[in-house]
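Below is one structure; the comments refer to it alone.
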Amino acid sequence: MSYTPQLRELIKRVEAARPERVKKNFPRMSPEQKEDVLKNFHPDYIESSMRGLAVGVNKGSRVPLELADLIEARSAVENLQIDLEKIDYDVDVLVVGGGGAGASAALLAQEQGADVLMVTKLRFGDANTMMAQGGIQGADKETDSPLIHYLDVMGGGHYTNVPELVRALTMDAPLSLKWLEELGAMLDKAPDGTMKSIHGGGTSRRRMHSARDYSGAEIMRTLRDEVKNRGIRVIEFCSVVELLLDEDGKAGGAILKNMETGEYQLARAKTVILAVGGSGRLHYQDFPTTNHYGATGDGLIMGYRAGAKLAFMDTIQYHPTGAAFPPQILGLLITEKVRGLGAEPINVDGEQFVYHLETRDVSSSAIIREVRERGKGVPTPTGIPAVWLDSPMIDMIHGPGTVEKELPAMVRQLGRFGVDIVREPMLIYPTLHYQNGGLLIDENGMTNVENLYCAGEGAGGIHGRNRLMGNSLLDIVVFGRRAGRHAGAKANEIKVKKLNLNHVAGYHNELESAGVDTGGRVSPILLPHYTHRNGD
Ligand code: MEZ
């Protein structure tokens, strides 16, 4: 479905104002203006979209309703007859998840001499890492430093981030980029051999490194190849449905489920690393999502049942530029790199209404305001709200051919539906992209449950209340490496005691004592339901 004649008529307004816009800088918002737009239009501020948890270590903390329902559910292993003495896999480190964080963790754990087993519920690499497009941050230029990066991350997170985690993220960034390059990742270079870098929302220096707009895919390709080359054992289509603790309440393994046969097996491990990603496929507030199909919050649920604390799960990231048209790609990512290269969000009258590189929470709120309050959205044939993202500006700013060279994935994704982003603006609207919070970790990636680690999107504290672009591809590498290194070394000192599921029974008791009606809900769900509602 390409643009209709009505949309093409509206594009003329965007084109008419374009030459003037290219010359001028749109003013950034003041702190007060940002606060105002966030409070009034950011989806997190809708009171009724969250509720306080009735049980567990975070009792009383607010989380999105869809997640609360799964946290306040019964365990998927409750009615299974499982012999906890029958161990199918006995390893040093169990890595759960086949994305960038899991792969980084597995590599570093193996470097400590640990026997590592990776399990992943889909194929190795089916993860949000693969779908990240725009880039990875890292202060590796003379004009930049980890300290400046640190300040940007803290500012982006509204100064709520855990400082030690931000320090780890930003200090490790240059060496993480170097590590990726040494493993063979081909990040874009300038003719003089230095890394090419651009701005992202909320960055005060150009430190976004990319591989065109396939950055995550390039990083995942590199890490996956390395895991395979080093002979690390990986079991695909194998999910974890519950963690196992030992007599001292320390993590000691997991119950695995073969996604093809439905068979259950047991893995005993001296340390367990949850690298299972986020929860975008829970479609908070019915938003479409950029996330892959496995992003169902499993790690949050199993970790929480085992006693691990959650942090910042009341803050969700809506990426300002999800595809709003054509409907076949609704909610999929239109990378922030498009704005990093200069494209501006434009309303139905051809006017810019927000500085193009405000942080994601502010940009998304401004777009929602433009449509809902000011009535200046672009009417789409499907009725989905939208504004323009003026991609043709990019070639005017940087020279002809830039869009095709820098954004080949975007050109292809929209081109398949007859939208030529070199010449025509795209239609966008905020889409559910990321959970800013997760299981609280320390600098080694360990949760408050001894020997249970978490890395990647499932971990909380690093990004505070809002993550900046490119810090996710960075955090999977930094904290994947840290968790792997620590868990691998620690495994040398551990003897796992008898395993049990007492925490699950205890959790069920707590649900009953709190009078929670679980309504037949069982979790983790492993894959999204996608059933029709109300029989429609
Ligand atoms: O960090 C991200 O979320 C990212 C790189 C997304 C994008 O817009 O490309």
Side-chain angles (χ1 to χ4, degrees), residues 99-101 127-138 149 152-153 156-157 169-170 173 176-177 180 185 187-188 196-203 206-220 277-280 288-292 295 315-323 329 331-343 345 356-364 367 389 391 394 406-414 421 426 428-436 438 456-457 459 462-464 466-479:
N128 282 340
T129 302
M130 189 64 107
M131 300 170 84
Q133 296 173 333
I136 176 167
Q137 288 205 43
H149 188 182
D152 286 349
V153 178
L169 179 82
T170 54
S176 299
L177 289 174
L180 287 172
L187 300 174
D188 297 339
K196 265 174 132 182
S197 52
I198 62 166
H199 275 296
T203 60
R206 289 192 175 89
R207 73 169 78 84
M208 198 67 56
H209 306 77
S210 56
R212 303 294 196 265
D213 52 355
Y214 293 106
S215 310
E218 174 60 7
I219 290 172
M220 192 69 241
S279 55
T289 184
T290 59
N291 284 198
H292 82 105
T315 153
I316 301 298
Q317 180 161 91
Y318 297 88
H319 195 296
T321 60
I329 55 166
L332 291 195
L333 185 61
I334 302 295
T335 174
E336 188 165 321
K337 189 172 178 185
V338 181
R339 282 177 294 134
L341 290 167
H356 64 296
L357 284 177
E358 294 289 5
T359 53
R360 286 181 177 169
D361 51 353
V362 171
S363 298
S364 290
I367 293 168
L389 180 61
S391 46
I394 296 172
E406 296 290 334
L407 300 165
M410 292 290 91
V411 169
R412 230 171 267 166
Q413 179 165 306
L414 277 292
I421 68 164
M426 313 177 195
I428 52 104
Y429 197 71
T431 180
L432 174 51
H433 185 54
Y434 192 79
Q435 61 185 37
N436 291 312
E457 190 172 342
I462 307 160
H463 307 292
N466 176 62
R467 177 177 67 78
L468 299 183
M469 171 196 183
N471 280 339
S472 174
L473 282 177
L474 177 61
D475 103 36
I476 59 169
V477 177
V478 167
F479 288 96

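Excluded from the calculations below are hydrogen atoms, water molecules and symmetry mates; all remaining heavy atoms, backbone and side chain alike, are included. When a ligand or atom number is given, it counts from 1 through the structure's own listing order.
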For a side chain to side chain contact (heavy atoms under 4.5 Å, CB included) with H463, tell me which candidate from D475, L468, T315 qualifies.
-> D475
Run through ligand 1 for me and note each protein residue having a heavy atom under 4.0 Å from it, chain first, then residue number.
-> Q133, G134, G135, H319, L333, T335, E336, R360, H433, R467, M469, G470
Could you tell me whether R339 and E358 make a salt bridge, using a distance below 4.0 angstrom between a side-chain N and a carboxylate O?
-> no
Do you see a donor-acceptor pair shorter than 3.5 Å between the side chains of Q317 and D361?
-> no
If we ignore angles and hydrogens, is there a donor and acceptor under 3.5 Å between the side chains of H149 and N471?
-> yes
Side-chain donor-acceptor pair present, Q435, S279, cut-off under 3.5 Å | yes
Sorted by chain and number, sequence neighbours left out, side-chain contact (heavy atoms from CB on, under 4.5 Å) with A459 holds for I441, C454
